[in-house]
> 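Pasting a structure below so you can have a look.
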Amino acid sequence: MAHITLTGTTSIRSWFTGRILSVFAAGLFAGWLADQIFLGLFIATLIYLIWSHRQLHRLIGWLDEASRKELDPPESSGIWGEVFDGIYRIQRRHNRSKQRLANVIERIQESTAALNDGIIMADQNGCLEWWNRAAGELLGLQMPDDQGQPLTNLVRNPKLASYMEHSPDKDPIKIESPAHDNRQLQIAITVYGQGNRLLLVRDVSRLHQLETMRTDFVANVSHELRTPLTVISGYLETLIDGAEHNPDIPPAFNRALNQMQEQASRMQRLIEDLLLLSRLEATEPERKSQSVALKPLLKGIMDDAKALSGENQHQLQLECGDDISLTGDAMELRSAFSNLTYNAIRYTPAGGKVLLKWWQDQEGGHLMIQDNGVGIDPVHIPRLTERFYRVDKSRSNATGGTGLGLAIVKHVLLRHEGRISISSHPGKGSRFICHFPSSRVIIKNLSHNH
Ligand code: ADP
């Protein structure tokens with residue numbers, strides 16, 4: 001290849017020098033004949049210049065037309081012919097690679113168009129660049145009218161707007177389809193290149209429906225079981241009362257009645273927890289939240305915890321400023337904090353210490369519930385907030401837990417934009433910390449801060 005190019009260039013160069021030389025030789029000769037050598041040379045240069053200028057014009061004309069359609073180069077001889085052919089070859093090569101690229105893009109577009117999941121490409125400002133058929137159908141986007149428009153202008157949803165703006169790397173969100181009633185969409189954003197966004201849109205209506213059916217079913221069953229259980233416990237109580245005052249009743253019968261009542265009240269607690277959990281899952285958090293004074297709430301929980309501890313005489317300690325309030329739902333917060341405190345009592349041997357401590361820093365407010373009880377093996381910690389997850393089934397049955405306590409805590413915190421962190425050492429004790437964002441912490445009097 002290098003050889004060919006070399007020969008080609010050499011021959012062009014020699015041809016070029018040959019032609020110029022012959023023009024000048026002819027000019028020189030004619031000038032010599034007329035005894036006007038300089039005039040002859042001047043005329044020869046002029047002829048050559050005019051010829052070159054004409055070729056240049058043809059080149060410009062051709063380039064101009066060739067930019068619109070593929071066109072054979074004009075016929076020319078000599079150096080100009082080589083220039084035309086060279087440009088034509090480059091142009092053909094360029095066109096071929098353009099065609100190849102266009103084919104690849106077409107194939108990608110065809111395959112993504114056939115997908116059932118929606119794909120949207122948006123620039124760093126969230127303006128639409130391209131989307132496939134499914135995305136257009138699921139979100140009601142019109143090609144080409146909506147191209148270049150910000151997605152959040154076309155799909156008006158606060159959840160999507162905040163997802164696009166603040167947290168594109170977080171977990172996918174679920175929104176209702178703006179184009180179809182009762183259709184739930186899951187949207188996941190991936191950032192690529194220089195802040196460009198790739199959105200994956202999936203129709204999760206069926207999954208959502210199944211999820212709703214599941215929570216509805218659990219809520220309905222729990223609700224239906226509530227009344228018969230209340231009746232059973234009522235009668236059991238009456239029977240136990242009667243049996244206590246009747247010496248003819250054998251002690252085994254009494255024991256059986258007591259056990260029945262114990263199990264019935266365990267079932268009642270389970271049902272209450274299930275109902276609370278399905279309510280937490282099924283409903284959106286209350287928009288107009290109350291301001292909940294923290295100290296009285298924790299004091300109330302401590303009193304109940306003392307009663308639960310009873311003869312076990314746990315040492316309870318509360319550290320919390322007087323003027324701190326949390327924005328949220330009092331009932332839900334009470335339920336979360338009491339679950340953690342009762343767990344601390346239940347999983348701490350008699351005489352153990354339980355500390356409830358509140359503090360706030362630039363990251364927000366934190367409530368720690370710490371005990372020096374049995375502790376938890378770290379392998380269990382990641383799964384602890386799952387429903388019915390128990391470290392040790394026998395231990396939990398003995399403590400009367402429902403296995404739903406920490407799942408409730410997690411849900412309540414999520415509804416308050418908070419989270420839980422757990423650390424524990426088996427045999428040494430556990431520490432559960434509820435973290436709340438600063439926006440939810442209200443401090444009335446700064447001098448009381450801890
Ligand atoms: P349960 O009703 O069984 O207590 P939870 O969801 O409240 O259910 O807790 C899940 C499991 O976490 C419990 O079974 C227990 O093993 C463990 N656990 C929770 N709190 C503590 C604690 N303070 N100390 C030790 N283990 C704990």
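All values reported here derive from a predicted model rather than from experimental measurement. When a ligand or atom number is given, it counts from 1 through the structure's own listing order.
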> Any ion pair linking R387 and E281 (charged N to carboxylate O, less than 4.0 Å)?
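R387 and E281: salt-bridged.
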> What residues, two or more places apart in sequence or in another chain, satisfy salt bridge (charged side-chain N to carboxylate O under 4.0 Å, His left out) together with E272?
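So E272 forms a salt bridge (charged side-chain N to carboxylate O under 4.0 Å, His left out) with R226.
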> How close do Y163 and I187 get, heavy atom to heavy atom, and via which atoms?
CE2-O, 3.4 Å
> Relative to the ring of W358, is the ring of F436 parallel (under 30°), tilted (30 to 60°) or perpendicular (over 60°)?
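F436 vs W358 ring planes: tilted.
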> Taking non-hydrogen atoms only, is D371 closer than 4.0 angstrom to ligand 1 via side chain, backbone, both or neither?
side chain
> For ligand 1, which atoms have a heavy atom of A344 less than 4.0 angstrom away?
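In order of number, 23 (N).
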> Minimum heavy-atom separation for F388 and L270, please, with both atom names.
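Looks like CE2-CD1, 3.9 Å.
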> For H435 and H366, take the angle between the two ring planes, folded into 0 to 90°, and tell me which bin it lands in: parallel under 30, tilted 30 to 60, perpendicular over 60.
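The arrangement is perpendicular - the two ring planes meet at more than 60°.
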> Need the ligand 1 atom indices (1-based, order shown) with element for anything under 4.0 Å from a heavy-atom of G405.
5 (P), 6 (O), 7 (O)
> In terms of atom number and element, which parts of ligand 1 are under 4.0 angstrom from non-hydrogen atoms of Y389?
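In order of number, 10 (C), 11 (C).
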> Can you list the atoms of ligand 1 that are under 4.0 Å from a heavy atom of G403?
1 (P), 2 (O), 3 (O), 6 (O), 8 (O)
> Going by the order shown, which atoms of ligand 1 are within less than 4.0 Å of some heavy atom of R346?
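So the answer, numbered in order with elements, is 1 (P), 2 (O), 4 (O).
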> State the atoms of ligand 1, each with its element, that fall below the 4.0 Å cut-off from a heavy-atom position in S430.
22 (C), 24 (N), 25 (C)
> Give yes or no for whether the N/O distance cutoff of 3.5 Å, strictly under, is met between F432 and ligand 1.
no
> Could you list the atoms of ligand 1 found under 4.0 angstrom from a heavy atom of T402?
2 (O)
> Looking only at heavy atoms, what is the nearest atom pair of I376 and F432, with distance?
CD1-CZ, 3.9 Å
> Is the shortest N/O to N/O distance between L406 and ligand 1 below 3.5 Å?
yes
> Is the count of non-hydrogen atoms from other residues, nucleotides or ligands lying under 6.0 Å from M260 atom CE greater than 12?
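Open.
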> I'd like to check which ligand 1 atoms, numbered from 1 as shown, lie under 4.0 Å from a non-hydrogen atom of L384.
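Within the 4.0 Å cut-off of L384, ligand 1 contributes 12 (O).
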> Which option, I376, I345, T348, D377, owns the non-hydrogen atom nearest atom 26 (N) of ligand 1?
I376
